[in-house]
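Proteins come first, then strands; the chains are lettered A, B, ... in the order of their sequence lines, and each starts at number 1.
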Amino acid sequence: MTETLPALSSQYEPSATEVKWQALWEDNHAFQADASKGGEPYCVVIPPPNVTGSLHMGHAFESALIDTLVRYHRMIGRNTLWLPGTDHASIAVQTILERQLKAEDKTRNDIGREAFLEKAWQWKAESGGTIVNQLRRLGVSVDWSRERFTMDEGLSKAVLEAFVRFYEEGLIYRGNYMVNWCPASQSAVSDLEVESKEVDGNLWHFRYPLTDGSGYVEVATTRPETMLGDTAVAVNPEDDRYRHLIGKTLKLPIMEREIPIIGDELVDPTFGTGCVKVTPAHDPNDFAMGQRHNLPFINILNKDGTLNENGGPFEGLDRFEARKEVIEWLQTEGALVKIEDYKHTVPYSDRGKVPVEPLISTQWFVKIEPIAQKTLAFLDEEQSPHFVPERWGKVYRDWLVNLKDWCISRQLWWGHQIPAWYAVSETEGEIRDNTPFVVAKSEAEAWEKAVAQFGDQVKIQQDPDVLDTWFSSGLWPFSTLGWPEQTADLNFYYPTTTLVTGFDIIFFWVARMALMASHFTGQIPFKDVYIHGLVRDENGKKMSKSADNGINPLILIEKYGTDALRYALIREVAGAGQDIRLEYNRATDESGSVEASRNFANKLWNASRFVMINLNGQTPAQLGNPNRDNLELADRWILEKFERLVTQTRTSIDSYGLGEAAKGLYEFMWGDFCDWYIELVKPRLRQDDSPSRLAAQQTLAYVLEGTLKLLHPFMPHVTEEIWHTLTQASADQFLALQPYPKAAAPVVQTSLDNDDPWNPAEPEEATATASAAAMPKTEKPSLNVLSEPGQLIKFALQYKQVLLIGLGVVAAIIGFNVLDGVISTLNAVPFVEPTLELFGLYYLGQFIYKNLLWSDRRQAFTRSLGEEKQKILKSIRDGANNTSEQTAEVLEDNTAVLALQRLRAIKTSDRALITQTASAPLGIEAQFELIIDTIRTIRNLRQEASIKPGLPIAVTLQSESERERLALTNGQDYIKDLAKVAELTIATTVIEDDLKQTMVGVTGTVQVLIPLAGVIDIDALRAKLEKDLAKAEKEVQSFQGRLQNQKFVDQAPPEVVQGARDTLAEAEKQVEILCDRLARL
RNA sequence: GGGCGGUUAGCUCAGUUGGUAGAGCGUCUCGUUUACACCGAGAAUGUCGGGGGUUCGAGCCCCUCACCGCCCACCA
């Protein structure tokens, strides 16, 4: 190992490293899934990007989220498949190709369908790889062997199957209805592909004369040109102003057509004039009215948005030109009454970016209602799918409830051609609205069907239209796995586990997949749907092509590395579903947040270099797990922290808290591991071979490797690179395939297998009889405590308390004949919580809480317990020195007594009881916190006093609390090392000759004193002390106020009250110290 | 017109079942200690959008108002 180190530069260079691992993963088929291996499946299908697309920040964000989830689940042992692919994006591709043709002054009709499609496929072959290769650059752990395209053979087969089955079940029909017509792409579009935009328009008021010459009716419209197609005027039948006119007729200006006045509820008498012109062929409302009243439907538009022969004098004009002309005409005729400014919404085509025209045409539709019923049933009865965040479930539901039939035909060529063949020979060789047709999976099959119906002279022609792209996308989760065949993949990986996507396509895609799948597979195709937010630009704006405010992920990848970009994006995610904002400077292409993540990757890199330099060329495996016997306080601390980190990380990811998990890892790596542990361990690493050095090496190696694993799903490349160097793994082994750390795993190599006192993650089981026998175990974590004789005595006392209490328990138990319940109960009780010294009482509380709280034995038991308590307290007092007297007082005083008197409170009070018991040593983390705070206080004081950072000084730490002194003693080497202290004194009280020559600070109830050689700045010191004092006093005030409130003491949970007491005591102590100091200045 | 999200330190945002307000970036002061200057040490910074209410206690729960943003909707 050492020999490989010179190769490790002091700065991590992402570009080469990332590409290297991407290639190695792919070449070694590291992410190839295999259904036959069994296990618990974890499957995600990629939301297929458009083949036309190129990578944008949304892809980067989404892929980062998915890849993190996927890598995590792979590492925790699930049989994982992430299936990649692309979508044929019918309109987008068609638009691109038609633009190309236009450049050559051609239309698609000029070259014909076949040539057009040939061009399309060629284009796909040339450009379709762009997005896919850019996804590779993100390091996505997809199974490339299963890559799919919505128009490839298998998926096209699925589309045929789905269409034919729908049709045969009566769920697809062809009909003449009003659809949204996009004049730009000259195709129908679905409701979803229409977005309404608010525009400043006008409301034109016209007068239509009554045929009988008795007057006029005034109507208002935002679209004057449609009047050419008017076939009625409607009024509300309840409207007294116009009721009498119903049944009369009007003469439509320009067209000179006679049209009726009808009565319809839909008309709002309060709006406009209360009279509505009705254009059944060009407005959805009017369409409905037209049907209700049997009005003629006059279509005035051609497919390109110009007026047809029904436009009278305006035939051939564009719809907007015609509008002007109509207005002018009416004005000249005197029919125009007024023009109002009017803000209203206009439907725009999503793709074509032009206003859509409601138009009647013959299209294919999916009958949604019966399918939606099934999908809704899954949601309502099985809560499937489960949305994260849950609020999207409601959005999804509302949409399903209000669905209208889905227009699936598009007048385009690129896509799945509709598998319907018309018997054109029946209608003079043309496809007309009434031409009979057959639906089949192939032309041959269609031919057979047609012949059966129309004889062998029949001529058939396939419907020229293609299907909405979302029809095939809707089949994606199962068509990609082999459906309609019952393949091994489909059987094993379906339904998929999680779908990760943006809220903007819940309707387009998520809901349609759910509809299709509930119909065809009888299941919802994914268990969870994780809806992420948008990546917004540096100003919080939505990134869009039109605003040209996109941030190119590839630029940031180039600059900072993929891992950095991914980490930056994920770290920003709070909870789930919230939009994130990406810092970005367009002038320099720099991003603060990505830079911060790059720095983190570099920090990880350098920490790893440091560790590797100090391992004597050994791998973690060669060093072995940390040997508990030789662990020092710092080792135990970092191992304890690491264990907690493992649990935290797993818990967070399991609940989709990726941002939280990423932040936790960042804090641990940078804060705990680098800033503290590595610094603390440096002196030990400089020693010659020693158990202490080995323990440090083992701990470093163990924690580093573990952290690399934890981080891998978030930063796959840099962790893979470091891991290989660290473990000397061969090139065909991957961190990506290593097991994820588990909190419960025995991490320490030890001769005493059963007790890892510093490992809090594993509660041990014990029997009733073991309860007393377990006692000596608690000595383990306290061994260092026992090094002082005074401590030994205290320990013996504690032992006595525990024993007595334990006996009390047993007596009570036997006395009340509940022994039968005991053994099983105690089995479930964790026995080795290392910080528990008074665990006799603790388990008594637990026992009562768990078993007697609701039973009728309780009252009698309580009574007896009260007696026992008195005995115990007495015996403690009898055998006590000062300290345990204090203990007894404390017990008597509040919590313990409360606990015993009020059964309900017992469980929550036990922690308070423990903190209150001054003789109990602090747990490892508490000790460490005190040490860290003390170091910080010394550093602060040094800076305040302008002591040169490198200058060794003398420091006295004073505390009246024995356990604090103990912790400080345990950490004295650390304090000396990290605060540059040459002489450290830990004392109960201080005698000072010259107090004016001393810098003073307080942390907890520890007083930190630095005697100075020269004269110190009294004013500066006074200012500092006063500031500290003010803070402490404010705290005292706040907590005193709280504790004086009887209701707080009575009603707040005991642990909260106790916490307040502890804080108050500490703050009071601080005030005392600080006042004393100030008085002496 | 319905529905949803947001409003916390100069900026970007956390804040777990109500229990003494946090992080990163930026700012200021120190620092070439042999992993890292893409670094280390220290410091400063908040009427938690306004107003009510519930509670011993509210950034968190309820009501209300304001502003920002999104989604849905057939008022011509």
Side-chain angles (χ1 to χ4, degrees), chain A residues 8 10-12 196 203 219-223 226 234 266-268 270-279 283-288 342 344-345 358 389 391-392 394-395 398-399 402 503-504 506-507 533-534 536 538 540-542 560 564 571-572 574-575 577-583 592-593 595-614 657 659-660 663 666-667 674-675 678-679 682 686 935-936 939-944 946 948-950 978-980 1034-1035 1038-1039 1042-1043 1045-1053 1055-1057 1059-1060 1063-1064 1067:
Chain A
L8 285 184
S10 71
Q11 270 187 18
Y12 171 59
S196 37
L203 198 56
V219 296
T221 181
T222 53
R223 301 176 57 208
T226 60
L266 197 79
V267 180
D268 176 0
T270 64
F271 185 88
T273 61
C275 301
V276 183
K277 60 189 267 313
V278 182
T279 323
D283 181 279
N285 280 325
D286 295 1
F287 180 76
Y342 188 63
H344 65 131
T345 54
R391 67 184 129 93
W392 293 113
K394 201 175 162 279
V395 176
D398 288 348
W399 191 75
N402 296 316
F503 61 82
D504 48 336
I506 290 182
F507 305 142
L534 251 45
R536 297 177 171 278
E538 68 278 14
K541 294 258 161 57
K542 189 173 165 177
Y560 302 110
R571 246 179 62 163
E572 294 285 327
Q578 221 65 269
D579 289 353
I580 62 173
R581 190 185 293 207
L582 190 65
E583 289 175 49
S593 55
E595 188 177 308
S597 297
R598 186 271 316 264
N599 293 351
F600 177 57
N602 194 53
K603 186 75 179 176
L604 175 67
W605 175 259
N606 276 295
S608 307
R609 275 178 68 220
F610 173 84
V611 171
M612 290 188 275
I613 288 167
N614 286 289
E660 197 186 350
K663 281 177 215 158
Y666 183 98
E667 272 164 36
C674 292
D675 290 347
I678 284 187
E679 293 307 324
K682 278 178 176 173
R686 288 185 207 115
I935 292 170
R936 287 206 168 115
R939 283 169 170 173
N940 181 356
L941 288 173
R942 291 180 66 114
Q943 186 126 353
E944 297 273 348
S946 302
K948 286 215 165 69
L978 295 191
K980 290 278 182 305
K1034 200 179 145 201
E1035 204 161 292
S1038 144
F1039 280 85
R1042 191 179 300 179
L1043 286 161
N1045 182 336
Q1046 195 53 44
K1047 284 187 176 173
F1048 172 70
V1049 179
D1050 290 347
Q1051 293 178 24
E1055 59 189 358
V1056 171
V1057 176
T1063 313
L1064 178 61

| On a whole-Å scale, what distance lies between the C1' atoms belonging to rG2(B) and rC74(B)? | 15 Å
| field | Geometric cation-pi criterion Arg1042(A) and Phe1048(A), 6.0 Å radius, 45° cone | value | yes
| Expressed as a whole number of Å, how far does the P atom of rA37(B) sit from that of rU33(B)? | 11 Å
| query | Which parts of nucleotides 66-76 of chain B does protein reach within less than 4.0 Å, heavy atoms only, written one letter per nucleotide 5' to 3' as B for base, S for sugar-phosphate only and - for none? | reply | ---S--S-BBB
| query | Does the side chain of Gln578(A) get closer than 4.0 angstrom to OP1 or OP2 of rG6(B) through an N or O atom? | reply | yes
| Contiguous Watson-Crick or G-U pair runs (3 or more, under 3.5 Å) in RNA chain B | B:1-7 with B:66-72, B:10-13 with B:22-25, B:27-31 with B:39-43, B:49-53 with B:61-65
| task | Using the P atoms only, state how far rG46(B) lies from rU8(B), rounded to an integer number of Å. | result | 15 Å
| task | Look at the side chain of Lys394(A) and decide which nucleotide, out of rC56(B), rU20(B), rG3(B), has an atom nearest to it. | result | rG3(B)
| task | Give the rounded distance in Å between these two atoms: CD1 of Ile506(A) and P of rG5(B). | result | 13 Å
| note | The contact string for nucleotides 29-43 of chain B, one letter per nucleotide 5' to 3', using protein heavy atoms under 4.0 Å with B, S and - for base, sugar-phosphate only and none, comes out as B-----BB-BSSBSS
| task | Sticking with atom P, work out how far rA14(B) lies from rG52(B), rounded to a whole angstrom. | result | 28 Å
| task | Considering only atom C1', compute the distance from rG69(B) to rG22(B) and round it to an integer number of Å. | result | 26 Å
| note | By nearest-nucleotide position on RNA chain B, the 5'-leaning member of Asn1045(A) and Glu667(A) is Glu667(A)
| field | Phosphate OP1/OP2 of rC13(B) contacted by Arg581(A) side-chain N/O (<4.0 Å) | value | yes
